[in-house]
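Within every chain, numbering begins at 1; the chains are lettered A, B, ... in the order of the sequence lines, protein sequences first and strands thereafter. A quick note: this is a predicted structure, and the numbers were derived from the prediction, not measured.
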Amino acid sequence: MSIGLARLREEPDRIRQGAIDKGEDPTIVDQALALEGRRRQLLGDSDRLKADRNAASKKIGEAIHEGAAPNGPEVAALRQVSTDAGTQIEKIAAELAATESALEELLLRIPNPADPDVPVGDASANRVVRTWGEILPKDVPLAEGGTWTRRPHWEVAETLHMFDLERGAKISGSGFPVYTGQGSRLQRALIDFMLDVHTAEHGMTEIWPPAVVNAASARGTGQIPDKEDLMYVVPRDDLYLVPTAEVPVTNLHRDEIFEADQLPIRYAAYSPCFRREAGAAGKDTRGILRVHQFDKVEMVFFEKPEASAEALEWLTGRAEVILQRLGLAYRVLLMATKDMGFVQAKKYDLEVWAPGVERWLEVSSCSNFRDYQARRMAIRYRPEAGAKPELVHTLNGSGVALPRTVAAVLETYQQPDGSLIVPEVLQQYMRTDRIGR
RNA sequence: GGAGAGGUCGCCUAGUGGCCUAGGGCGCCGCACUGGAAAUGCGGUAUGGGGCAACCCAUCGAGGGUUCAAAUCCCUCCCUCUCCGCCA
């Protein structure tokens, strides 16, 4: 994932400012420009020498064809020219390779500049753009006197036998929840419900991707080398457990060129997600707010550049539809430059309200990468028939992640009598309107 | 896992060291012919990089090697197909 060389040359100021806004080192931009100049110089020298060598070799062929002795003086002289050029090419090639890898290294450290409408600053500059639904209180005064206190999701789940964290730890490790009974069914119901809405109502194409990807795919979406610590790796087979369906689904079209009329391409994909959560030890250890394996429906879009800004708004709205239908209160945050990530141009986070733990829980992150991700994967399209290919814009967003949604459902729909009302849209999938009692 | 066959331009295919600067067919685009179309003819039809440009460089699954010169020869790997074994 990196900034394009053409753009680097054309608008270095914008890229420099983008780096500053994201809290990255802007001097890298100038170092990269210098190396790029050197690269082009070396490439020119090298290409000229290669042209000489090719011409000499060709002449040898022609001379022999016309009857010259293959070991005669004429051929020997030409052979010398070719050999000499080859020697010089190798010398340049060494410096060129070093220059290119140094340049590549620098480019990887230049962030994707944020869109102009993104607030500049750290997390404190994040903007709540809208809030939906009723923010339920933890403590509810009862008509008959006294107070009912909403319990955290792990207590609700324990009473209703919906998941079993202890046994999950026994068979796999902590952070690998076992869903049981109606808890298991709720997983299926949520996945089914979300995919049904995204395909039947939102027109997306459903994808059921592999749960492991090869190194090329992990590299394509930038999981390696940057985030290798976050992934489960299968070294024997050089495979990686997917941390999100974004990885396999975006890579579907790696090294492909679309015709303009094929875009946009919009996918909805269910996959299990595996995350080592290295460095997160001690955070959210109770319940299922932070786990190593979870399930998620992800939306992945390939768009024409001019359509991507609007597509992000629509994408975010499609994730909101899921939360609205589930009747969960949520808010939408527009992430500020230093809090949005290195590769995103604009990002919204969706957070649901969990009244039992009295917290906003992130269940979706919707991003426009513009051409930054497409560049590394060489995903392009032809604006018009016969035109030169241009990079597409890629976007993705959760629609939505299950565990925290489950937590919010349990905490929102729990009843004073200990039972759980099933959200209306899930009743047909759950085949019941109530769990417990 | 074992044995064999194969991976060339959007698709099919030719090509076993040097006019391959990769040929032909199909498809597609343009032009001509036509009242319009079909058929036919002519031309064009990959990607990346460099150059004001003419043009040059790289890429024949990937990576190495041999050679003045590699689609072609050698090595390693990947993938596809067929058969056998195993298997939900």
Side-chain angles (χ1 to χ4, degrees), chain A residues 1-10 32-104 107 208 210-220 224 234-240 248 251-263 265 371-372 374-392:
Chain A
M1 233 169 288
S2 73
I3 214 76
L5 286 175
R7 189 173 174 198
L8 182 68
R9 291 199 296 256
E10 280 157 21
L33 274 168
L35 276 181
E36 157 64 359
R38 180 65 181 151
R39 181 191 73 93
R40 281 198 289 167
Q41 189 187 346
L42 291 168
L43 206 55
D45 293 347
S46 171
D47 279 0
R48 271 187 292 281
L49 285 163
K50 281 179 179 174
D52 291 347
R53 182 176 64 178
N54 289 347
S57 285
K58 194 179 167 189
K59 277 186 203 156
I60 291 173
E62 285 168 358
I64 292 172
H65 194 69
E66 285 162 16
N71 294 315
E74 186 189 351
V75 169
L78 285 167
R79 193 175 289 148
Q80 190 60 46
V81 170
S82 183
T83 307
D84 289 348
T87 310
Q88 290 189 63
I89 290 166
E90 276 184 40
K91 251 185 250 170
I92 294 173
E95 191 186 345
L96 187 58
T99 304
E100 282 180 336
S101 72
L103 177 59
E104 173 70 10
L107 289 177
W208 194 287
V212 295
V213 293
N214 58 29
S217 295
R219 203 172 298 115
I224 55 175
V234 187
R236 182 166 175 167
D237 299 297
D238 200 19
L239 292 171
Y240 301 79
N251 273 283
L252 284 177
H253 297 297
R254 174 151 47 86
D255 296 315
E256 291 184 13
I257 301 172
F258 298 114
E259 295 304 325
D261 62 9
Q262 293 178 268
L263 297 178
I265 291 172
D371 66 6
Y372 201 78
R375 179 170 298 104
R376 177 175 275 199
M377 283 188 274
I379 306 173
R380 293 159 292 173
Y381 81 109
R382 268 179 238 287
E384 326 213 354
K388 270 185 77 82
E390 285 178 24
L391 294 167
V392 303

| note | Partner of B:rG27 under the Watson-Crick or G-U wobble criteria, both distances under 3.5 Å, comes out as B:rU45

| query | Is A:E90 atom CD crowded by more than 12 heavy atoms from other residues, nucleotides or ligands, each under 6.0 Å away? | reply | no

| Quick one: side-chain contact (heavy atoms from CB on, under 4.5 Å) partners of A:L35, sequence neighbours excluded? | A:T99, A:A102, A:L103, A:L106

| query | Hey, are A:E36 and A:R39 close enough for a salt bridge, meaning a charged N less than 4.0 Å from a carboxylate O? | reply | yes

| message | Any carboxylate oxygen within less than 4.0 angstrom of a Lys/Arg side-chain nitrogen, looking at A:K91 and A:E95? | response | no

| field | Span that lies between the P atom of B:rC29 and that of B:rA37, in whole angstrom | value | 13 Å

| said: What's the gap between B:rG63 and B:rG7 when it is taken at their C1' atoms, as a whole Å value? | reply: 16 Å

| message | Please tell me whether A:S57 and A:N54 have a donor and an acceptor in their side chains that are separated by less than 3.5 angstrom. | response | no

| Quantified in whole Å, what is the P atom distance between nucleotide B:rC57 and nucleotide B:rU21? | 10 Å

| For A:G61 and A:K58, take the nucleotide of RNA chain B holding the closest heavy atom to each; which residue's nucleotide lies nearer the 5' end? | A:G61

| Across all strands shown, which nucleotide pairs with B:rC86 by Watson-Crick or G-U wobble geometry, both distances under 3.5 Å? | none

| request: In whole angstrom, give me the gap between the C1' atoms of B:rG48 and B:rC81. | output: 31 Å

| field | Nearest-Å distance once atom C1' is located in both B:rG6 and B:rA71 | value | 15 Å

| request: Could you check if a side-chain atom of A:I379 sits within less than 4.5 angstrom of a side-chain atom of A:E256, using non-hydrogen atoms only? | output: no

| field | Protein proximity profile, nucleotides 44-65 of chain B - base contact B, sugar-phosphate-only contact S, no contact -, cut-off 4.0 Å on heavy atoms | value | ---SSBSS----SSS-------

